[in-house]
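Written below as structure tokens is the structure these notes are about.
Both counts, for ligands and for their atoms, begin at 1 and track the order of listing. Computed over heavy atoms, backbone and side chain alike; hydrogens, waters and symmetry mates excluded. In this text, all values refer to a predicted model and were calculated from it rather than measured experimentally.
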Amino acid sequence: MMVLKRPKACFTDNKYCPGCGHGIINRLIAEVLEETGDDRKALAAIGVGCGSWMPDTFGIDCVQAQHGRAAAVACGMKRCRPDNIVFSYQGDGDALAIGFSETMYAAIRNENITVILVNNGNFGMTGGQMSPTTLEGQRTSTSPQGRDCSLSGYPLDVVELLRTLHVAYIARVAITDVAGVRRAKESIRTAFNAQRDRRGFSFIEVLSPCPTNWKLDPVASLKYIKDTVESVYPLCEYKLWEEQDD
Ligand SMILES: Cc1ncc(C[n+]2csc(CCOP(=O)(O)OP(=O)(O)O)c2C)c(N)n1
Ligand code: SF4
């Protein structure tokens, strides 16, 4: 029989909307850290957005970065504390709009940190504005007719960009079903292991539902990711350090 036990660091409550992906992802991070014995010394740099509530969901030492700056803050933390697992936790607006430069330069320097990007295709906390990852034609509060790529550019596939760089690990996962949740957890574990082995920059993009701003119920939100979002942002995993070792 499988016994589901709450990680010690997790609190009983969270502040996310019903059906939001952040709570699941927070829990997976907490589980991995507990299983690897890192829960007492992992450090997080938190982006600005709904994910800023992560410290209210489970208790590890965190720095609340300014909007977009979490990867840069994580680099500083890691350089001071090279033996601690250090990760940033950011939304797509935070990491890929206002913080695009910080995210890319952490990758370009192949910093030995992990960036966990929660891609829900909009600026969730502030009312669902269009973000770099909003799909073509997707309606948001700032693209009520749907994203027009002739005006706003095309959706940003950050995984493809990162693949051109010398980084250690890249994965895109989706928490749409049990198998997807398990894969997401394994990716977090792989990224933290790579960091422990000093492989360099690791990055996980999690396709995650935002039922409130998508104006879909939680089940329909998961279906939307599977049927629509994944066709633009295919799931993948690249252990690039293995190619670099050859
Ligand atoms: C410099 C600055 N600009 C704008 C804001 C307002 N702001 C707070 S949260 C947020 C949206 C965050 O969206 P995202 O990073 O995608 O995370 P989500 O809430 O969707 O998880 C914005 C624009 C801010 N706090 N600081
Ligand atoms: S607004 Fe969206 S991202 Fe924010 S807590 Fe609600 S469902 Fe989650």
Exercise. Nearest non-hydrogen atom to atom 3 (S) of ligand 2 belongs to which of Asn120, Asn14, Val118?
Worked result: Asn120
For this session: Taking all heavy atoms of Ala184 and all of Leu28, pick out the closest pair and write down the distance.
Result: CB-CD1, 3.9 Å
Problem set entry | Considering all heavy atoms, the nearest Val86-Arg81 contact | CG2-O, 4.5 Å
Exercise. Would you say Trp214 and Gln138 make side-chain contact, with heavy atoms under 4.5 Å?
Worked result: yes
For this session: Please work out which of Gly91, Cys20, Gly121 has its closest non-hydrogen atom nearest to atom 8 (Fe) of ligand 2.
Result: Cys20
Problem set entry | atom 2 (Fe) of ligand 2 to nearest N/O/S of Cys210 below 2.8 Å | yes
For this session: For atom 6 (Fe) of ligand 2, find the nearest protein heavy atom and state the residue, atom name and distance (0.1 Å precision).
Result: Cys17 SG, 2.3 Å
Exercise. Which protein heavy atom lies closest to atom 1 (S) of ligand 2, and at what distance to 0.1 Å?
Worked result: Asn213 ND2, 3.5 Å
Problem set entry | Cys50 backbone or side-chain N/O/S under 2.8 Å from atom 4 (Fe) of ligand 2 | yes
Exercise. Of all the atoms in ligand 1, which lie at a distance below 4.0 Å from a heavy atom belonging to Asp94?
Worked result: 14 (P), 15 (O)
For this session: Examine ligand 1 and decide if any of its atoms is less than 4.0 Å from a heavy atom belonging to Gln129.
Result: no
Exercise. Counting each atom of ligand 1 from 1 as listed, which ones have a heavy atom of Cys50 under 4.0 Å away?
Worked result: 18 (P), 19 (O), 21 (O)
Seminar exercise, completed: Among Ala95, Gly21, Gly93, the residue with a heavy atom nearest to atom 14 (P) of ligand 1 is Gly93
Exercise. How does Val118 reach ligand 1, if at all, at less than 4.0 Å between non-hydrogen atoms: by side chain, backbone, both, or neither?
Worked result: neither
For this session: State, with a plain yes or no, whether a side-chain heavy atom of Ile225 is found less than 4.5 Å away from one of Pro209.
Result: yes
Problem set entry | Gln66 atom CD: more than 12 heavy-atom contacts under 6.0 Å | no
Exercise. Parallel, tilted or perpendicular: which fits the ring planes of Trp241 and Tyr169, with parallel below 30° and perpendicular above 60°?
Worked result: tilted
Exercise. Taking atom types as modelled, is there a side-chain donor on Arg172 or Tyr233 under 3.5 Å from an acceptor on the other?
Worked result: no
For this session: Consider ligand 1: state whether an atom of it lies below 4.0 angstrom from any non-hydrogen atom of Thr126.
Result: yes
Exercise. Asn213 near ligand 1, heavy-atom distance under 4.0 Å?
Worked result: no
Exercise. Roughly how far, to the nearest 0.5 Å, is CG of Leu33 from NZ of Lys41?
Worked result: 11.5 Å
Seminar exercise, completed: Under 4.0 Å from one or more heavy atoms of Thr212, ligand 2 contributes atoms 6 (Fe), 7 (S)
Exercise. Side chain to side chain donor-acceptor pair (under 3.5 Å) between Thr140 and Asn122: does it pass, once the steps are laid out?
Worked result: CA-CA 7 Å; Thr140 70; Asn122 67 49; over 6 Å; no
